[in-house]
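Okay, structure first, notes after.
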Amino acid sequence: MIRAIKGTRDILPPASAVWNRVEAVAREVFRTFNYHEIRTPIFEETSLFARGVGEDTDIVGKEMYTWEDRDGTSLTLRPEATASVMRAYIEHRLDQIPGVKKLYYIGPMFRRERPQKGRYRQFFQIGAEAIGSDSPIIDAEVIELVVEILKRSGVTDFHLLLNSVGDANCRPAYIALLKETLAGVASQMCDDCQRRAVTNPLRVLDCKVEADQPVIDALPSIHDHLDDACRAHFTAVRAHLDNRGIPYTVRPRMVRGLDYYMRTTFEITHGALGSQNSVLGGGRYDGLAEAIGSKVPAPGIGFSIGEDRLVMSVGENTEPVVDVFLAPLGDAAELHAGGLAAELRAAGISVERSVDRKLKRALEVANKMGARYALILGDNEIAAGTYLLKNMASGEQTPLARAQLAAHIQNN
RNA sequence: GCGGCUGUAGCUCAGCUGGUAGUAGCGCCAGAUUGUGGUUCUGGAUGUCAUGGGUUCAAAUCCCAUCAGCCGCCCCA
């Protein structure tokens with residue numbers, strides 16, 4: 001038997017309705033913030049991600065689906081979309097259009113990780129990028145936007161974590177200092193930290209081992225080593241968030257995995273997600289354009305929501321039901337039902353028709369389907385010119401003329 | 001990529017220390033007279049016991065491998 005491959009899955013009804021709802025909410029919020037959709041290819045030249053995401057990130061190092069095309073070009077299934085959006089921005093010279101360019105995307109990403117709850121090899125992201133300004137106002141607005149999407153999707157109990165990770169000017173010095181400090185104390189820490197102290201010192205800050213916490217608390221904090229520009233930027237972002245009444249927690253130790261992040265980084269966690277508790281992540285990436293070969297600078301900030309995880313946090317769904325289930329009895333009625341169905345559908349009413357001749361069976365199916373109404377039409381009804389509209393919840397039956405039907409269904 | 005747990009009907013599961021699967025619950029199908037569902041009653045269908053090997057007279061039950069899911073690590077959405 002052929003099955004969906006590891007880490008991929010089918011999203012079936014009624015769950016698919018939740019996905020659609022979440023996407024509709026996101027699109028609506030994007031519209032009110034003047035964001036517009038961009039659709040980029042699902043695969044790109046490998047070097048775009050290698051240079052954009054960072055050569056020594058896990059994503060590029062071991063998680064990409066990469067293959068050689070027939071002409072020898074190395075291609076890769078996109079593991080994230082920011083690099084692609086930036087590529088498109090540069091390629092189409094969007095910097096020539098006035099104002100901050102605000103783009104959003106919804107679609108699948110691919111990473112070859114070990115699947116787990118909330119972690120898939122093909123997963124979906126809803127993301128946005130605001131390119132063309134390094135103003136902290138944009139940072140705060142982007143965060144406000146994503147918080148709005150979560151709220152409007154019905155997610156409660158989420159937690160916004162905020163940090164500044166410095167920029168190309170001050171971060172290298174901080175990392176060097178951290179590495180130096182760690183060289184002296186790493187021996188007291190867990191095995192993972194001893195390894196990370198050398199390979200990826202920032203990751204040490206993220207360690208969850210209880211015994212290591214005192215050591216970590218004593219390590220230098222990035223916030224004490226931000227240069228003036230970065231500190232001022234961070235202060236301004238916070239002021240704007242405070243002004244909007246958006247609650248957040250500053251996490252100097254929050255580390256984000258993509259190399260291009262600088263200054264503002266943020267993350268939102270949710271309790272219902274288990275180990276993969278992050279529902280979205282984002283940050284500023286002012287150096288990304290240059291990293292992928294742009295001559296003109298293109299400062300930007302963006303986020304991406306893990307749609308799979310968002311859907312999990314939304315919880316229960318109420319599956320939309322069919323409005324009317326037509327139960328025609330007899331050959332003439334069946335033909336008659338076709339035109340009637342078309343008429344109701346044209347009025348925006350969802351219609352299902354019975355393929356069974358027996359009324360009993362038709363009502364059974366209507367009931368199981370969760371139909372709001374059943375419409376009984378047999379020879380009697382057709383002759384009289386009125387149909388019997390049965391309210392499935394109450395059992396009440398109302399005779400109605402064809403002209404009254406659509407209005408009655410819509411108003412009840 | 002590493003470690004742990006799990007894998008029996010569409011779903012949730014039972015099946016003790018190996019003897020060759022359950023009247024289980026839900027769901028599904030049919031019927032309880034001819035144009036009326038949801039409750040009730042009666043009857044019925046459905047499993048290569050994840051897959052492939054091995055041990056044994058005999059395996060869903062033990063062993064190995066593979067695959068998948070979940071949990072933890074790593075990492076991130």
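Protein chains get the first letters and strands the later ones, always in sequence-line order, with residue 1 at the start of each.
Using a distance-only test at 3.5 Å, with no hydrogens or angles considered, no donor-acceptor pair links the side chain of A:E23 to the main chain of A:N20. Looking at A:D167, its side chain does come within 3.5 Å of a backbone N or O of A:N169 through a donor-acceptor pair. A donor-acceptor pair under 3.5 Å is formed between the side chain of A:D308 and the backbone N or O of A:F124.
A:E113 contributes a side-chain N or O that forms a donor-acceptor pair with the base of B:A77 under 3.5 Å. One donor-acceptor pair, N or O on each side, does fall under 3.5 Å between the base of B:A77 and the side chain of A:R111. For A:R119 against B:C70, a side-chain-to-base donor-acceptor contact under 3.5 Å is absent.
Separation of the P atoms belonging to B:G25 and B:G44 is 13 Å when rounded to the nearest angstrom. A gap of 16 Å separates the C1' atoms of B:G7 and B:A65, to the nearest Å.
Sorted by first and then second residue, the ring-ring contact (aromatic ring centres under 6.0 Å, His included) pairs with a member in residues 133-163 of chain A form an empty list; sequence neighbours excluded.
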Distance-only criterion, 3.5 Å: show the donor-acceptor pairs between side-chain atoms of residues 260-269 of chain A and protein atoms not counting sequence neighbours.
from   : atom 1 : to     : atom 2 : distance (Å)
A:Y260 : OH     : A:E80  : OE1    : 2.4
A:Y260 : OH     : A:T82  : OG1    : 3.4
A:T264 : OG1    : A:D139 : OD2    : 2.6

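A heavy-atom distance below 4.0 Å to RNA chain B is reached by these residues of residues 59-67 of chain A, ordered by number: A:E63.
Using a 4.0 Å cut-off between charged nitrogen and carboxylate oxygen, A:E63 and A:R114 do not count as a salt-bridge pair. Remark: A:R357 engages A:E334 in a salt bridge, criterion side-chain N to carboxylate O under 4.0 Å.
In this structure, the CD atom of A:Q116 is 16 Å from the P atom of B:C5, given to the nearest Å. The distance from atom CG of A:D10 to atom C1' of B:G10 is 15 Å, rounded to the nearest whole Å. For A:R114 and B:C75, the CZ to P distance is 16 Å, given to the nearest whole Å.
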Exercise for review: Let me have a per-nucleotide readout for nucleotides 30-40 of chain B, 5' to 3', with B, S or -, counting only protein heavy atoms under 4.0 Å.
Suggested key: SS---BBBB--
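The residue A:R9 sits apart from the nucleic acid: no heavy atom pair falls under 4.0 Å. Across all strands shown, A:F124 has no heavy atoms under 4.0 Å from either base or sugar-phosphate atoms. Within the 4.0 angstrom heavy-atom criterion, base atoms lie near A:G118. A:G7 comes within 4.0 angstrom of the backbone, heavy atoms only, and of no base.
Pairing analysis of RNA chain B (Watson-Crick: purine N1 to pyrimidine N3 plus N6-O4 or O6-N4; G-U wobble: N1-O2 and O6-N3; both under 3.5 Å) yields stems of 3 or more pairs at B:1-7 with B:67-73, B:10-12 with B:24-26, B:28-32 with B:40-44, B:50-54 with B:62-66.
Every residue meeting the side chain to side chain donor-acceptor pair (under 3.5 Å) condition with A:E91, not counting sequence neighbours, appears here in chain and number order: A:R87.
Figure legend: cation-pi geometry between A:R51 and A:F49 absent, as NZ or CZ is not positioned both under 6.0 Å from the six-membered ring centre and within 45° of its axis. Remark: A:R39 fails to qualify as a cation-pi partner of A:Y105 under the 6.0 Å distance and 45° angle criteria applied to the six-membered ring.
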Exercise for review: Determine, step by step, whether A:L162 and A:R251 satisfy the side-chain contact (heavy atoms from CB on, under 4.5 Å) criterion, reporting the C-alpha distance in whole Å, the side-chain angles of both residues, the deciding distance to 0.1 Å, and the verdict.
Suggested key: CA-CA 6 Å; A:L162 186 69; A:R251 273 287 165 80; over 6 Å; no
